Amino acid sequence: MDRYDPLKIESKWQKIWADTEAFKAGPVGDPRPKKFVAEMFPYPSGAGLHVGHVRNFTIVDVLARFYAQQGMNVLRPFGYDTFGLPAENYAIKTGISPQSATTTNIQNFRKQAQKLGYAIDWSREINTSDPEYYRWTQWCFLQLYKAGLAYQKESYQWWCPVDQTVLANEQVENGHCWRCGAEVEKKKMKQWFFKITDYADELLASLDEVEWPEKIKTMQKNWIGRSEGAEIDFRVQVAADEPAANPSDPSAPLITVFTTRPDTIFGATFLVLAPEHPLVAQLTTPGTRAKVDQYREAALKKSEIERQENKTKTGVFTGSYAINPATGEPIPIWVADYVLMGYGTGAIMAVPGHDERDFEFAEKFDLPIKQVIEKPEGSDDTDRYYHGEGELVNSGQFNGTRSEDAREQIVAWLNAQGVGRSKVTYRMRDWLISRQRYWGCPIPVAYDKNGQVHPIPEDQLPVLIPEVDDYQPDHTGRSALAKAKDWLKVTIDGEEMTRETDTLDGYACSSWYLWRYASPHDRSAAWDPEAVKYWSPLDVYVGGDHAVAHLLYIRFWCKFFADQGYLPFREPIKKLLYNGYINAPDGKKMSKSKGNVIDPLEVIDSGYGADTLRTYEMFIGPYDQDAAWDTKAIGGVYRFLNRCWTLCFNPAEPAQPLAADDPARLAARHQTIKKVTTDLHRNSFNTAVAALMEYVNQLYKTGAETDDLVALARLLKPFAPHLASEMLEQLETDDTWPTWEEQYLEAQLVEVVVQVNGKLRAKLQASPELLDQPDELRALALADPNVQRFLADRPVEKVIIPRGAKLVNLVV
RNA sequence: GGGCGAAUGGCGGAAUUGGUAGACGCGCUAGACUCAAAAUCUGGUUCCCGCGAGGGAGUGAGGGUUCGAUUCCCUCUUCGCCCACCA
């Protein structure tokens with residue numbers, strides 16, 4: 001071999017790795033320290049791997065190989081998240097079944113991943129649409145059902161008119177379907193939910209325990225959206241001219257509102273209900289009925305995007321009044337769409353004096369505005385609705401109290417009268433999990449002739465997805481499963497029933513897969529408790545998506561299954577690396593329609609090889625930042641690997657040869673080992689590659705000794721495993737991760753910089769010991785002609801020699 | 001509107017606890033090899049002044065703390081992401 005031929009080297013080593021099952025994880029109980037690393041498993045699209053996958057998978061691979069070379073027992077599995085709309089839409093269009101398209105796509109993905117030389121334990125591949133997998137997804141559902149955390153509720157749901165399916169909150173982006181971009185609507189349907197809100201507090205609190213990027217933690221905190229406040233009951237009068245209702249009269253309806261500002265209750269001059277609020281019909285008086293009905297209908301019909309975009313306030317008066325429990329005065333009850341049924345109680349007490357939205361509404365409809373908090377003097381707040389803190393006014397016995405203190409006092413006062421209580425409310429809603437789609441995991445329940453729900457017994461799992469001819473959902477809101485007439489019938493306890501035709505949100509399938517990796521072929525349980533106890537929680541998770549959805553759901557399931565005794569930990573992922581995107585060379589997102597997609601397989605096959613592609617994607621920039629593909633820069637990485645190859649297989653005479661034991665040579669080697677090792681520990685992949693490049697440049701000058709090449713090949717292996725393996729074979733050694741010794745880090749002379757008043761004036765060569773001898777260092781610095789020039793005979797007032805900084809600062 | 005983050009040469013980026021700003025790569029440039037080109041190798045490359053030694057300026061803008069600030073603090077500008085009538 002006389003030149004670097006990546007394609008030849010790579011196919012050679014890929015065959016060896018496959019034949020020897022080189023990356024099989026050690027057994028459960030293996031005494032070596034374990035490391036479990038994984039990427040967010042991909043949806044295997046027909047287009048195959050893209051450069052974003054390569055970045056994501058390579059980060060995991062570098063870490064897996066780094067840990068393995070350090071003698072750890074590494075689990076680095078791989079799987080496919082295969083349910084979802086693309087395969088189903090493809091089936092609707094082409095008639096090719098999702099099952100068959102998925103099989104083809106998986107084969108393609110596997111082949112491509114192998115071509116990248118990933119250190120994957122291929123014996124642990126999982127696929128969420130494999131019945132052997134989804135029977136356990138169904139088992140998970142049944143556990144949640146048994147515990148009362150999977151329930152049905154009829155409510156208004158996001159509905160995508162194009163995909164003909166319900167969407168979760170997380171799948172609606174600015175009022176549009178996340179998949180097809182169509183404007184979503186609201187539709188009243190009976191849906192399945194998981195009660196994630198039961199875990200809201202813990203999901204929030206235990207974010208402090210995980211080593212995740214602050215950005216992601218903040219997004220989850222905002223999503224959960226904990227608000228402390230109070231619920232307050234307002235007794236209704238049916239009409240203004242009736243005598244004020246007796247607050248203790250149990251026959252008068254109650255409107256319960258949620259507020260974070262109970263201190264402003266004396267300023268509550270009207271109530272507002274969401275259009276969907278169940279009491280609206282009852283409260284509407286005959287004179288207002290026509291207007292109220294018209295408003296409600298319009299609000300419900302309005303697409304969500306219209307309701308959000310139109311920020312001018314609209315609303316109608318119901319004709320009824322309620323008694324403000326603080327003032328005893330009747331206040332009008334309005335209906336307006338700026339109040340959301342899904343949050344709090346769907347009703348608010350409006351305090352226009354101190355809330356921007358209520359203020360706008362009051363202005364528009366000429367409702368009374370009452371000030372109950374005094375703006376402190378010197379406040380530069382110019383809003384006419386002061387929403388800060390201050391002293392209470394117009395608030396009866398609470399006048400003069402600070403608003404911060406009044407909150408608690410007023411709630412206690414209302415509570416004593418039985419009309420108010422402290423309340424914590426979350427912005428997060430329960431997780432809507434039913435999907436009116438064919439290509440998903442069937443929800444394992446059936447309905448008897450009275451419509452009662454019956455879970456499918458565990459011994460009848462899996463509920464298999466039936467084959468159908470036509471994948472089109474029908475327009476009644478039911479999935480194509482409804483077309484499998486025979487499949488629909490099921491007998492439970494001798495009674496004939498009808499199966500559920502909804503399938504589970506794909507996020508359910510990915511909410512437990514990390515534990516499946518521990519025992520992927522277990523036919524008796526979702527996961528083997530011993531195996532999970534050994535491998536989990538996951539040490540490092542790498543991905544660039546799903547900041548809220550998937551990463552919140554998997555935490556929820558983890559806590560649930562821990563409570564059920566199935567898991568011995570409450571957080572599934574210790575450390576999260578959230579990688580950035582790779583954009584097209586023009587800086588824009590890669591997309592087929594723009595024609596700017598870089599195909600990683602083409603990069604490999606063009607002659608660069610997988611090692612160059614892998615190393616380039618690690619070198620492209622900090623892993624957590626977006627980067628633009630640079631078609632020229634990848635050549636620089638290829639040249640670097642080519643130089644590594646040349647040093648090992650075809651070395652030239654060095655220009656400035658160094659002896660094998662020269663301190664400068666040892667220093668370069670040990671510095672490189674230290675730099676690459678510490679950089680990998682802090683996930684600074686780009687600078688680790690830079691350090692290797694620097695080392696190779698050095699070896700080109702000085703010539704490479706065997707020890708240099710061994711260190712180089714071992715350090716290079718996580719990035720460019722094929723080339724490194726070829727080098728290690730030539731060098732007749734293994735890939736044990738090298739260690740550095742502090743004593744070799746410094747060459748015989750170090751460079752010390754001299755500053756005068758903080759400005760660099762000279763550089764001196766000195767022995768390292770001199771750094772501990774301030775007087776001599778000072779003398780040496782003062783002797784430098786350029787330093788003398790700048791001192792200009794002035795006396796030196798202070799000499800600063802910082803520890804470990806190779807620097808002298810003379811202050812005059 | 002709220003929250004979070006970022007801004008460094010022609011470009012991507014580096015500088016781990018405040019201590020030599022610009023590592024490494026791209027690009028550009030000069031040279032070696034070659035009939036020539038490619039490939040490869042060697043040198044140069046923040047800007048300004050200077051033949052040079054060297055000097056001055058410089059990390060979005062302005063101020064502050066410090067012997068010393070890309071790093072810490074304050075004010076502002078621009079950009080990005082997330083949430084967005086959540087009471």
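What you see below is based on every heavy atom in this structure, not just the backbone, and it leaves out hydrogens, waters and symmetry mates. So you know, we letter chains A, B, ... as the sequences are listed, proteins then strands, and number each from 1. Just so it is clear, the model here is predicted, and its values are computed rather than measured.
Distance noted for atom P between U42(B) and G5(B): 44 Å (whole Å). U77(B) sits 15 Å from G62(B) when the P atoms are compared, rounded to a whole Å. Separation of the P atoms belonging to A14(B) and C72(B) is 16 Å when rounded to the nearest angstrom. Comparing the same atom, P, in G64(B) and in A69(B) gives a spacing of 12 Å after rounding to whole Å. Using P as the reference atom, C81(B) and U45(B) are 38 Å apart when rounded to the nearest Å. Comparing the C1' positions of U71(B) and U59(B) gives an interatomic distance of 10 Å, to the nearest angstrom. G52(B) and U46(B) have their P atoms separated by 15 Å, given to the nearest Å. With both ends at atom C1', the span from U70(B) to G18(B) equals 11 Å, rounded to whole Å.
For G13(B), the O4'-C1' to base torsion is more than 90° from 0; the nucleotide is therefore anti.
For the pair K313(A) and Y338(A), the cation-pi criterion (under 6.0 Å, within 45° of the ring axis) is fulfilled. Cation-pi geometry between K370(A) and F266(A) is not met at under 6.0 angstrom from the ring centre and within 45 degrees of the axis.
G31(B) is paired with C41(B) under the Watson-Crick or G-U wobble criterion, all donor-acceptor distances under 3.5 Å. Across all strands shown, A15(B) remains unpaired; no Watson-Crick or G-U wobble contact has both distances below 3.5 Å. As the counterpart of C4(B), G80(B) is assigned, both hydrogen-bonding distances of the Watson-Crick or G-U wobble pattern falling under 3.5 Å. Pairing of A23(B), defined by two Watson-Crick or G-U wobble distances under 3.5 Å, is not identified with any nucleotide.
At least one side-chain nitrogen or oxygen of N686(A) sits closer than 4.0 Å to the OP1 or OP2 atom of A14(B). Residue S684(A) has no polar side-chain atom (N or O) positioned under 4.0 Å from OP1 or OP2 of U16(B). Within the 4.0 Å cut-off from OP1 or OP2 of C41(B), at least one side-chain nitrogen or oxygen of Y700(A) is found. Taking side-chain N and O atoms only, R639(A) has no distance below 4.0 Å to OP1 or OP2 of C41(B). A sub-4.0 Å separation between OP1 or OP2 of G27(B) and a side-chain N or O of K632(A) is absent. Taking side-chain N and O atoms only, N786(A) has a distance below 4.0 Å to OP1 or OP2 of G55(B). An OP1 or OP2 oxygen of U40(B) is reached within less than 4.0 angstrom by no side-chain nitrogen or oxygen of R643(A). Considering only side-chain N and O atoms, N650(A) lies nowhere under 4.0 angstrom from the phosphate OP1 or OP2 of U40(B). Contact check, R761(A) against G55(B): a side-chain N or O comes under 4.0 Å of OP1 or OP2.
Here the side chain of F619(A) is nearest to one of G12(B), U20(B), A87(B), namely G12(B). Here the nucleotide nearest the side chain of T260(A), chosen from G55(B), C67(B), A87(B), is A87(B). Each of A23(B), U20(B), C85(B) was ranked by its minimum atom distance to the side chain of V753(A); first place goes to U20(B). In the set U16(B), A14(B), U40(B), U16(B) carries the atom at the smallest distance from any side-chain atom of K675(A). Closest approach to the I800(A) side chain among C26(B), U20(B), G19(B) is made by G19(B) (side chain taken as heavy atoms from C-beta onward). You'll find that the side chain of T687(A) is closest to A14(B), out of A87(B), A14(B), C24(B). Residue N809(A) has its side chain nearest to G68(B) when only G55(B), G68(B), A87(B) are considered. Distances were taken from every side-chain heavy atom of R682(A) (C-beta onward) to each of C85(B), A15(B), G19(B); the shortest belongs to A15(B). Candidate nucleotides A87(B), G25(B), C85(B) were compared by shortest atom distance to the side chain of M693(A), and G25(B) ranks first.
Looking at heavy-atom distances under 4.0 Å, I620(A) makes contact with sugar-phosphate atoms alone, never a base. Within 4.0 Å (heavy atoms only), T425(A) reaches no atom of the nucleic acid at all.
At a cut-off of 3.5 Å, with distance as the only test, no side-chain donor of E231(A) or T256(A) sits close to an acceptor on the other residue. A donor and an acceptor atom, one from each side chain of N222(A) and R427(A), are nowhere located under 3.5 Å apart.
If you take OH of Y695(A) and C1' of G25(B), they are 20 Å apart, rounded to a whole angstrom. Atoms NZ (K759(A)) and C1' (A57(B)) sit 8 Å apart, rounded to a whole Å. The separation between Q671(A) atom CD and C24(B) atom P is 13 Å, rounded to whole Å. Atoms CG (N697(A)) and P (G44(B)) sit 12 Å apart, rounded to a whole Å. In this structure, Q788(A) atom CD and G54(B) atom P are separated by 15 Å, rounded to whole Å. With rounding to whole Å, M428(A) atom CE is found 18 Å from A84(B) atom C1'. Put simply, CZ on F258(A) is 17 Å from P on C85(B), counting in whole angstrom units. Atoms OH (Y623(A)) and P (G13(B)) sit 15 Å apart, rounded to a whole Å.
In this model, a side-chain donor or acceptor of E751(A) finds a partner on the base of U20(B) within 3.5 Å. A donor N or O paired with an acceptor N or O is not found under 3.5 Å between the base of C81(B) and the side-chain atoms of K215(A).
RNA chain B is contacted by both G225(A) and E214(A); E214(A) maps to the nucleotide lying nearer its 5′ end (nearest heavy atom per residue). With the nearest nucleotide of RNA chain B identified for both A655(A) and G636(A), G636(A) has the one nearer the 5' end.
Side-chain atoms of N786(A) come within 3.5 Å of backbone atoms of R761(A) as a donor-acceptor pair (strictly under, hydrogens ignored). Side chain of N324(A) to main chain of A268(A): a donor-acceptor pair is present (N/O by atom type, distance under 3.5 Å, no hydrogens or angles).
In E363(A), the CD atom is crowded: over 12 heavy atoms of neighbouring residues, nucleotides or ligands sit closer than 6.0 Å.
With salt bridges taken as basic N to acidic carboxylate O contacts below 4.0 Å, none links E228(A) and R407(A).
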Output, in order, the C-alpha distance, side-chain angles, deciding distance and verdict of side chain to side chain donor-acceptor pair (under 3.5 Å) for D708(A) and Y695(A).
CA-CA 9 Å; D708(A) 294 313; Y695(A) 187 42; 2.9 Å; yes
